[in-house]
Amino acid sequence: MDRIPNSYFQTYDSLFLAQDLIGKTLVRQFDTGEIIRRKILETEAYLGKEDLACHASKGKTPRTSVMFEEGGKVYVYFIYGMYWLLNIVTGEKDHPQAVLIRGIEECLGPGRIGKLLQLDKSFYGENLETSSRIWIEDSSLKGSVLSTPRIGVDYAGEIWKNKPWRFVHENLT
DNA sequence: CAGAAGATCGGG
DNA sequence: CCGATCTTCTGC
């Protein structure tokens, strides 16, 4: 399978890519050489500094700065004292946005994915086009994609918490 | 500088 | 339903 180049992540916004990434293949290669390949089944879009659920709405900080870069990089962050959540930065430089990977084949839940893939802060800013340990490959998956409100963002206020920006493949359930 | 909450998960 | 466990942000 072919690795997807960063032009793909830079050409579209997170709302489109969150849907389009469903069925594409997330690849992780460990130091041992072992490779995990799983199709993406669930995502969420976080779109711009106006989106109060998006970390970038707090402005450009050490934690969020990678979202202000051009698409194709990894945004990981540590939460609840134990989980590394995996996001893909999308869009153009200075248009902060990202797609949260919430579910892949045989591994549902963003916290569990970080654990399965053994992510840590060293993945912050990792380039998906050139990395030897994490990238996305082109693939497809038959079936429809459903959308729902995003999970765990009730703090973002009525407008943003209700945006149907979570996408799940029908196979998921 | 202290306190609280967080894009979560698993156990009781 | 709550504890784990620590980074980040906010308010005093």
Side-chain angles (χ1 to χ4, degrees), chain A residues 9-10 12-26 28 36 38-92 94-126 128 134-136 145-173:
Chain A
F9 299 106
Q10 295 164 6
Y12 308 98
D13 68 16
S14 64
L15 191 52
F16 173 85
L17 288 170
Q19 303 167 70
D20 204 57
L21 280 166
I22 302 289
K24 297 216 167 11
T25 303
L26 175 62
R28 169 81 165 97
I36 288 181
R38 306 281 179 87
K39 287 182 179 176
I40 297 169
L41 297 180
E42 178 182 356
T43 62
E44 281 178 1
Y46 289 87
L47 185 47
K49 51 185 185 298
E50 308 80 16
D51 177 4
L52 295 183
C54 180
H55 291 164
S57 67
K58 302 280 188 182
K60 192 171 181 176
T61 68
R63 181 208 211 187
T64 64
S65 64
V66 73
M67 270 198 282
F68 288 77
E69 296 179 29
E70 68 277 10
K73 297 184 178 179
V74 168
Y75 167 42
V76 288
Y77 66 92
F78 192 58
I79 194 165
Y80 300 124
M82 56 179 89
Y83 301 113
W84 287 96
L85 300 210
L86 172 63
N87 296 252
I88 297 173
V89 176
T90 64
E92 303 171 352
D94 293 324
H95 291 247
Q97 40 178 280
V99 173
L100 170 67
I101 307 300
R102 290 191 59 91
I104 58 179
E105 290 171 317
E106 302 168 69
C107 183
L108 304 181
R112 294 157 108 188
I113 290 174
K115 184 179 177 187
L116 175 77
L117 301 184
Q118 298 174 31
L119 302 181
D120 58 46
K121 65 183 178 190
S122 74
F123 282 81
Y124 187 89
E126 189 87 353
L128 290 172
I134 189 168
W135 64 90
I136 308 286
V145 175
L146 317 173
S147 68
T148 79
R150 294 173 290 183
I151 305 295
V153 296
D154 287 353
Y155 63 84
E158 288 300 317
I159 294 181
W160 299 101
K161 83 178 190 186
N162 292 322
K163 295 281 187 188
W165 289 355
R166 170 176 174 253
F167 301 95
V168 296
H169 191 270
E170 63 177 12
N171 285 359
L172 184 134
T173 52

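Chain letters run A, B, ... following the sequence lines, proteins first, then strands; residues in each count from 1. What you see below is based on every heavy atom in this structure, not just the backbone, and it leaves out hydrogens, waters and symmetry mates. Predicted model only: the values in this text are computed from it and were never measured.
The gap from the P atom of C/dT5 to that of B/dA2 amounts to 22 Å, rounded to the nearest Å. Nucleotides B/dA4 and C/dG3, compared at atom C1', are 16 Å apart to the nearest Å.
A distance-only check finds no donor-acceptor pair linking the side chain of A/E44 to the backbone of A/R150 [under 3.5 Å]. A/E105 places no side-chain N or O within 3.5 Å of a backbone atom of A/R38 that could act as its donor or acceptor partner.
A/Y83 does not qualify as a stacking partner of the B/dT8 base, lacking a centre-to-centre distance under 5.5 Å together with planes within 30°. We find that the ring of A/Y46 and the base of B/dA7 stack, their centres lying under 5.5 angstrom apart and their planes tilted less than 30°.
Between A/K58 atom NZ and B/dG6 atom P the separation is 9 Å, expressed in whole Å. What separates CE of A/M82 from C1' of C/dT5 is a distance of 5 Å, to the nearest Å. Rounded to whole Å, atom P of B/dC9 lies 13 Å from atom CG of A/L119. Atom OH in A/Y75 sits about 9 Å away from atom P in B/dA7, given to the nearest Å. Spacing between atom CD1 of A/I113 and atom C1' of B/dC9 amounts to 13 Å, rounded to whole angstrom units. A straight line from CZ of A/R63 to P of C/dT8 spans 7 Å, rounded to a whole angstrom. For the pair A/W84 CH2 and B/dC9 P, the computed distance is 16 Å after rounding to whole Å. Atom CZ in A/F78 sits roughly 15 Å away from atom P in C/dC9 (whole-Å rounding).
Note on A/I151: only backbone sugar-phosphate atoms sit closer than 4.0 angstrom, heavy atoms only; bases stay farther off. Counting non-hydrogen atoms under 4.0 angstrom, A/G81 reaches a base of the nucleic acid.
Residue-to-nucleotide contacts include a donor-acceptor pair under 3.5 Å from the side chain of A/Y77 to the base of B/dA7.
With contacts defined as side-chain heavy-atom distances shorter than 4.5 Å, the pair A/Y124/A/S65 qualifies. Counting only heavy atoms from C-beta outward, the side chains of A/V74 and A/I134 approach each other to under 4.5 Å. Residues A/I151 and A/R102 meet the side-chain proximity criterion, which asks for heavy atoms closer than 4.5 Å.
Contact annotation: A/T61 reaches the phosphate of C/dC9 (side-chain N/O to OP1 or OP2, under 4.0 Å). At B/dT8, one or more side-chain N or O atoms of A/R102 fall inside 4.0 Å of OP1 or OP2 (strictly under the cut-off).
Across all strands shown, C/dG11 is found opposite B/dC1 as a Watson-Crick or G-U wobble partner, with both distances under 3.5 Å. Nucleotide C/dT5 is matched to nothing when pairs are restricted to Watson-Crick or G-U wobble geometry with both distances under 3.5 angstrom.
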